[in-house]
Amino acid sequence: MPRAIIAIVVIALGSPLTLFPQAPHYDLLLKGGHVIDPANQIDEVRDVAVFQGKIAAVEKNIPLDQAAKVVDVSKLYVTPGLIDIHFHVGHGGAPLNWFAPDARAHTAPLGIPADLALQSGVTTIVDAGTSGAETFLQEKEEVIDHARVRVLAFLNIVANGMNGGLEQSLDQMDSKLCADTIKKYPDVIVGVKTAHYWTRESWDAEHVPWAAVDRAIECGTIANVPVMFDFWPRPERTYADLILKKMRPGDIHTHVFAQQFPVILPEGKINPILAEARARGVIFDVGHGSGSFWFRNAVPAQKQGFVPDSISTDLHMGNYTVVSMNSVMSKFLAMGVALDDIIRRSTVNPAHEIHRAELGTLSVGKDADIAVLELMKGHFGYIDCGVAKMDADVRLTARMTIRAGRILYDPSGLSMVQWEKARPQYFTTPDHGDSLPARADDFPRD
Ligand SMILES: [Zn+2]
């Protein structure tokens, strides 16, 4: 074929690689899964290809021979890596030696290992204010910089952060120091957090009702980032005033289905202030935790059309044995929310809430952060924070988690070869440190 014609063919086909189909040009191909990518309006069977840590193609039929590694994900769902915007890592203000007699607070650190999130298909977590301006650098150096899951953070308006015994101290809430710290770490800090402020003691000159809320908003305004509110309403500080007057468009109320909020009016109707707040741009987040999710609020709200904008766990030391991103998502499935809607509220929605539109999507060119999920049918039970339960016949569970093209979670071996068929290297006994590891493949898994 004359060169000129080859050139025309190459241009016509769009890629010179089409002429050489024998050379794999993807590192990984997820074959035959049902892709739900709400950011791109995809909800059908598609193949997903990964190259050099990025999403390379999302197409109807990508030939097997174009990828170095192929994983059969038929009958499973393939979604963008999930985003959990309410998580706790690190120890915040809690001293490492928190049981020492002279420790200011004897409360244990709140945070859990960041990578536990991978078990649910989560590839991005946002620490919800465990640390503040004075403790953030330590959290970053000790946890964030070493995690395999992507860790972002809301900075606590309290400089010492959580669990250090200083959360009620007004002189800890320095909005300028808070904003300066946020501006110093724009790649990691996505917003401000306020929590746990003066929930039962009587008011005094040092403790006025809106102090923590006002300081957090002041910091968020200076730094131009959203504020996440953990809130306890009192007669002098009502929920309606928080969501209709104090919160700015784009601010996030987490724990929306907690017991202390008037989500459902006495006659069973949903409180109209939620729709009013939404109309002015207020965002509602689940933040399940061990004290913030009641079916008596969630079920009637869902039946009347109110589903929180984002689904999140509030995972910490006090609940990691019973709460997970998959269990919280499954509760919404059990309540009748459609799967694609649940994925939307666990991917693209939280990405936009934290102003990280590049996350929560399978768009070509973006980081290959991917969850492979299984929708199981059977007999399951779900619990809330008021020790009540709900029976259900569905459950969502993560089968594989990929972060930047690396397979970081695959406990059932979806991507692995049957051991008897492994390559010879697997059957070797390494006799010194430099020997090849006895592994069935070299695909990056850590
Ligand atoms: Zn929390």
Side-chain angles (χ1 to χ4, degrees), residues 82-94 105 107-114 116-117 120 122 124-132 135-136 139 143-144 147 149 151-158 160-168 173 178 188-199 212-213 216 220 225-233 242 247 251-261 283-294 297-298 308-325 327-328 331 346 350 353-354 384-385:
L82 307 177
I83 301 174
D84 182 354
I85 63 161
H86 194 146
F87 201 102
H88 290 281
V89 299
H91 59 90
T107 320
L110 201 64
I112 60 168
L116 276 177
S120 273
V122 172
T124 297
I125 59 174
V126 188
D127 177 68
T130 311
S131 64
T135 47
F136 175 74
E139 178 174 304
V143 180
I144 297 176
V149 66
V151 186
L152 304 172
F154 288 100
L155 191 73
N156 203 311
I157 184 62
V158 175
N160 185 248
M162 289 180 179
N163 283 23
L166 297 177
E167 286 180 81
Q168 310 303 331
M173 301 176 199
C178 169
V188 183
I189 305 181
V190 298
V192 188
K193 174 80 186 292
T194 171
H196 314 153
Y197 176 67
W198 218 249
T199 55
V213 164
V225 293
V227 179
M228 175 184 267
F229 296 90
D230 161 316
F231 186 76
W232 194 280
L242 176 76
M247 286 175 71
D251 284 342
I252 304 160
H253 175 228
T254 189
H255 305 315
V256 61
F257 290 145
Q259 58 180 332
Q260 68 265 31
F261 301 112
I283 289 161
F284 295 97
D285 175 65
V286 176
H288 187 296
S290 38
S292 300
F293 184 90
W294 264 256
N297 281 342
D309 300 282
S310 47
I311 293 176
S312 67
T313 60
D314 188 17
L315 268 166
H316 56 69
M317 279 295 281
N319 62 35
Y320 72 96
T321 54
V322 287
V323 177
S324 72
M325 189 66 170
S327 75
V328 180
K331 280 174 207 189
S346 311
E353 290 170 22
I354 58 171
D384 72 6
C385 303

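Just so you know, ligand 1 is whichever comes first in the structure, and atom 1 is the first atom listed for that ligand. Keep in mind that this is a model prediction, so the values were computed, not measured. Just so you know, these numbers use all the heavy atoms, side chains as well, and skip hydrogens, waters and symmetry mates.
Protein nitrogen, oxygen and sulfur atoms, that is N, O or S, within less than 2.8 Å of the Zn ion (ligand 1) amount to 3.
When all heavy atoms of H86 and A128 are compared, the pair lying nearest together is CD2-CB, 3.4 Å. In terms of heavy atoms, T130 sits closest to V89 at CG2-O, 3.3 Å. For the residue pair V122 and I125, the shortest heavy atom distance occurs at CG1-CG2, 3.6 Å. Between G291 and C385, the shortest heavy-atom contact is N-SG, 3.6 Å.
Looking only at atom types and distance, the side chain of T254 has no donor-acceptor partner in the side chain of D230 under 3.5 Å away. For the residue pair H255 and S292, a side-chain donor N or O sits within less than 3.5 Å of a side-chain acceptor on the partner.
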